[in-house]
Q: 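After the structure tokens below, expect a handful of questions from me.
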Amino acid sequence: MQTNRTSACRWLLAGVTPFALFAAGTAANAQTAPQDDAQAAADESQAEIVVVGTAGGGTRRQDAAFAVTSLGAEAIARAAPNSTADLLRTIPGVSAESSGGQNGANIFVRGYPSGGDAQFVTFQLGGVPFFPPPTLSFLENSQLIRLDETVERVEAVRGGTGSLFSNGQPGLTVNVQQREGGDMLKGFAKLSYTDYDEVRGDAWISGPISQDTTFMVGGYYAQGNGIRDPRFRAEKGGQVTANIRHDFDGRGSVLIYGRYLNDHGQWLLPIPVVQDGSKISQFANFDHGTGALASRDTRITTNNAGRTVDLADGRGAKIGNLGLSFDYELVDNLRLRERASYLWGTANTVGLVPTDAPMSAADMAVALGGAGSTVGSLTFASDGAAAPGETQVMRAGIWDVRKRIDAFVNDLALEFSAGGNKLTGGFYLANYTTRDTWALGNDVLLTAEPNARRLNLTLGDGRVATRDGFTSGDSFLVSGRYEGRDIAFYAVDELQITDKLRVDGGLRWQRHEVTGDVATSGAAFDQDGSAATLYDRTVQLGRANRIDYGGSRWSWTVGGNYDFTNQVGVFARYSRGNSFPQFDNLREGLTLISRVDTYEGGLKVSTPLVNLYATLFHNKFDGLATTQIINGVPNESVGGAKATGVELEGVIRPFAGFSIAAAGTYLDGTYRGFFSGNGTIDNTGNRVQRQPKWMWRVTPSYELEVGNFRPSIFATLQYTGDRFSDPENAQLLPNYYQLDAGVSVEVNQRLKLAVTGNNLTDELGLTEGNPRIIGSQGSGTILARPILGRSFRFSAAYSF
């Protein structure tokens, strides 16, 4: 058993697999001589591996009748992701926006309609969901985990069997598998530095405790201001992971692990840019790749309610996680698998959220005081000095969202094998809570420039529009306590009918319950009752309402895999999955259960020259229900969508040491019966927002030996097609290219030097417009969130 696991890990770390496009293209020659790499890739394609989307025992990739990608540690390193979500750009069918920084990603899957966050994405550690709800407002799963050198591989399954296992995610399930110790003491340390002054250290050590017991401990620590520098320490934190594994004399094993994360970073939001149709350009001196609205002057403020907010708190998590994975053969052909996890801590969000695009001070006077209002005086809030009359101004809210979360997850399964048949039955239980305190709004008047300064404005008629820069108080408040509970039973039968044909089928019953008490904004009022002061218009918290919800649904799937030869195979699958309403849906009275029907089929080719994985899919989606905060008021969007698409990934190895990997997705996703704006706007036939028709990436790499050195050169060119920022298809997000590249050199068996560059051409590519409005912002200066600008990371790694 140990030998098989070691072989599988070696194969995954090499990263050469028809499912793992990026890994295949960049990790060739990892352990073998150059002339043997292609044959090794084909030979190892038959290896036994553990992949997400199985009943727990894993399957050979040649037998996997679903679309799965596996990225080894080397592939992750060469992808040089800016965040956990950024790595998902390498997975076909997934559109990941990491322009929000380390946290606050938007991740979209296969045309599933979503307004943002990662509503149909679940992250697991060792096969257990980190936090069972995939998305709550201001919290998506990738915020709770960081990629570091303690990660051995990342696996991701799209559609397929995802609706049966774990929390029943019908979209994308991403499993992060941690390193474990072996029979030899090993260690690793890496120091990296960026051209925007981030310093990071990674390290791990592993080895034996006894003949049957091993350990691993490691983590990282990093700090810096971030590529969008607010002129204060905005990025800071680290993570520690440790595990102990014990093997039971060949009959099974137990893994006990712990992880602590305390990391936060600046929540990056839309900035001013200029749009003229499909042409996007920089606004004034606001650099599209590095400019930040936040500054030392905006960092610490006290709003009208007396709350002091520090933007350096940013968005992140301070959580602990304890887990267990137990696998044991009770008697011949009968195995027990138990996986459990407990998570607790906080996941807060503090950010400077732009309200409107830049305008003149005169126009702002009208916006704040009404028609006919003029500027009496405009001064800097910090020192009272007069601001120039031609100063462009804008407003941004200082949003403060606090979440205290915890979750207990338990997944217990029995597996019975007899001949070519394997029957698995399991029980899933999850209990999770969150305590939410929100204060949105609290707009401040700012100069429309990088590292903006707060302004005070007095109107020409004497009315005071600001206090210490604030133009308003709270616009939307939430105080809530929620508790969720999921209970599920599942059963899966896998049958090897012939040496070439394998079929499987399964079903899942799930009960989803939510209770809670939540209060939101009540009546608006004027704090001092004086019409001469405009800045103190605010809202108060209303009475708490009781939430008591329960719903049940069945999910099922059937699929088959047929191997024509040991190098060519096909699969087909149908699945029905469900997504239950979470806390924020129920807060607004939205109780719809999303239903997804997916039809998919694929081709797999694995030869010494080429690896190819192609998937054709069709989704029917019903029952989406989301809310969008516009002017401090939740606006509902309800309906469905359909999507047809093709996912391609593969690698060609024309000669020793050189490979070209490629991946592409074609997606035709449109709304059907989908209404936004509280049911007033019918978007039927419009393209699903923020998901392009075309995405592709090409990754050439070349490795060679030069004396005692082993240099490697790699690059990735990625294309993201036209999208629309909104369901109404009124705000175009034009297509763009992104070029990344890197060089690494193995100086000897212990020392490795590397440099990677992201967005080398400093492309101005937009990932979202202003999600806090409905429809188009028009031409000229708008608010939008571009990808991060050109950056470089230098690293030195030492292993023993």
Side-chain angles (χ1 to χ4, degrees), residues 83-85 102-104 122-136 138-152 154 166-167 174-181 200-206 215-223 235-245 254-265 313-326 338-350 401-411 429-437 481-486 583:
S83 64
T84 302
Q102 287 283 335
N103 306 284
T122 293
F123 274 82
Q124 302 176 340
L125 181 65
V128 182
F130 241 69
F131 190 61
T135 290
L136 303 178
F138 306 103
L139 175 62
E140 43 82 28
N141 270 201
S142 75
Q143 185 172 337
L144 302 177
I145 191 167
R146 295 288 188 277
L147 297 178
D148 60 22
E149 296 293 339
T150 67
V151 172
E152 180 181 77
V154 173
S166 181
N167 63 342
V174 181
N175 183 36
V176 177
Q177 196 67 32
Q178 55 190 302
R179 292 182 185 272
E180 299 176 18
R200 172 170 170 146
D202 287 77
W204 59 263
I205 187 169
S206 69
F215 79 97
M216 190 284 301
V217 61
Y220 81 92
Y221 182 80
Q223 67 175 27
E235 316 276 337
K236 186 176 182 179
Q239 180 172 260
V240 177
T241 303
N243 63 58
I244 296 176
R245 178 190 180 95
V254 61
L255 176 74
I256 300 173
Y257 61 87
R259 177 174 281 225
Y260 175 71
L261 170 68
N262 185 354
D263 193 310
H264 62 84
D313 291 341
R315 186 168 186 173
K318 184 178 181 180
I319 57 172
N321 178 223
L322 297 174
L324 173 144
S325 181
F326 178 78
E338 161 72 4
R339 288 172 294 186
S341 170
Y342 178 62
L343 174 145
W344 72 97
T346 58
N348 299 329
T349 295
V350 176
V401 177
R402 307 287 172 172
K403 290 179 182 287
R404 182 171 294 278
I405 61 175
D406 66 74
F408 172 74
V409 181
N410 190 82
D411 196 334
L429 169 68
N431 263 92
Y432 42 94
T433 68
T434 180
R435 173 68 172 96
D436 280 27
T437 304
R481 296 177 180 269
Y482 309 88
E483 180 176 0
R485 185 185 188 194
D486 292 317
F583 301 152

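Heads up: numbering here begins at 1 and tracks the sequence.
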Q: Return the set of residues passing side chain to side chain donor-acceptor pair (under 3.5 Å) with Asp406 (not counting sequence neighbours), or none when no residue passes.
A: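 So Asp406 forms a side chain to side chain donor-acceptor pair (under 3.5 Å) with Thr433.
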
Q: Check Leu147 against Thr84 and note the closest heavy-atom contact, atom names and distance.
A: N-OG1, 3.6 Å

Q: For Asn348, what residues pass the side-chain contact (heavy atoms from CB on, under 4.5 Å) criterion, not counting sequence neighbours?
A: Thr346, Arg402

Q: Is there side-chain contact between Leu144 and Leu139, with at least one heavy-atom pair below 4.5 Å?
A: yes

Q: Considering residues at least two apart in sequence or located in another chain, which fulfil the side-chain contact (heavy atoms from CB on, under 4.5 Å) criterion with Asn141?
A: Thr122, Phe123, Phe131

Q: Which heavy-atom pair separates Phe138 from Arg315 by the least distance, and what is that distance?
A: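 Distance-wise, the nearest heavy atoms are C-NH2, 2.8 Å.
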
Q: Measuring from Phe583:CZ to Arg481:CZ, what's the distance to the nearest 0.5 Å?
A: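 So the CZ of Phe583 and the CZ of Arg481 are separated by 13.0 Å.
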
Q: Output yes when a side-chain donor or acceptor of Asp313 lies under 3.5 Å from a complementary backbone atom of Val350, and no otherwise.
A: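 No, because the side chain of Asp313 does not come within donor-acceptor range (under 3.5 Å) of the backbone of Val350.
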
Q: Measuring from Glu180:CD to Phe215:CZ, what's the distance to the nearest 0.5 Å?
A: 13.0 Å

Q: Mind checking the CD-CG spacing from Gln143 to Leu261? Nearest 0.5 Å is all I need.
A: 9.5 Å

Q: Quick one: salt bridge (Lys or Arg N to Asp or Glu O under 4.0 Å) partners of Arg200, sequence neighbours excluded?
A: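 So Arg200 forms a salt bridge (Lys or Arg N to Asp or Glu O under 4.0 Å) with Asp202.
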
Q: Below 3.5 Å, can you tabulate the donor-acceptor pairs from side chains in residues 316-326 to any protein atom, sequence neighbours excluded?
A:
unit_1 : atom_1 : unit_2 : atom_2 : d
Asn321 : ND2    : Ser341 : OG     : 2.9
Asn321 : ND2    : Tyr342 : O      : 3.0

Q: Sequence neighbours left out, what passes salt bridge (Lys or Arg N to Asp or Glu O under 4.0 Å) with Arg146? Give chain and number order.
A: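 Once residues adjacent in sequence are excluded, the partners of Arg146 under the salt bridge (Lys or Arg N to Asp or Glu O under 4.0 Å) criterion are Asp263.
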
Q: Check side chain to side chain donor-acceptor pair (under 3.5 Å) between Asp148 and all other residues, then give those that pass, not counting sequence neighbours.
A: Thr150, Gln239

Q: Using side chain to side chain donor-acceptor pair (under 3.5 Å) as the criterion, list what pairs up with Gln124, not counting sequence neighbours.
A: Ser166

Q: Within the structure provided, determine whether Thr437 and Arg435 are in side-chain contact (heavy-atom separation under 4.5 Å).
A: yes

Q: For Arg339, enumerate each residue passing the salt bridge (Lys or Arg N to Asp or Glu O under 4.0 Å) test, keeping only those at least two apart in sequence or located in another chain.
A: Asp411

Q: Sequence neighbours left out, what passes side-chain contact (heavy atoms from CB on, under 4.5 Å) with Ala430? Give chain and number order.
A: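 side-chain contact (heavy atoms from CB on, under 4.5 Å) check on Ala430 returns Pro132, Val409, Tyr428, Tyr432, Asp486.
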
Q: Tell me, please, which residues at least two apart from Asp436 pass side chain to side chain donor-acceptor pair (under 3.5 Å).
A: Lys403, Thr434, Trp438

Q: Would a 4.5 Å heavy-atom cut-off, applied to side chains only, mark Tyr482 and Leu136 as touching?
A: no

Q: With heavy-atom distances below 4.5 Å as the criterion, would you say the side chains of Arg179 and Thr241 are in contact?
A: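 The answer is no; the side chains never approach within 4.5 Å.
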
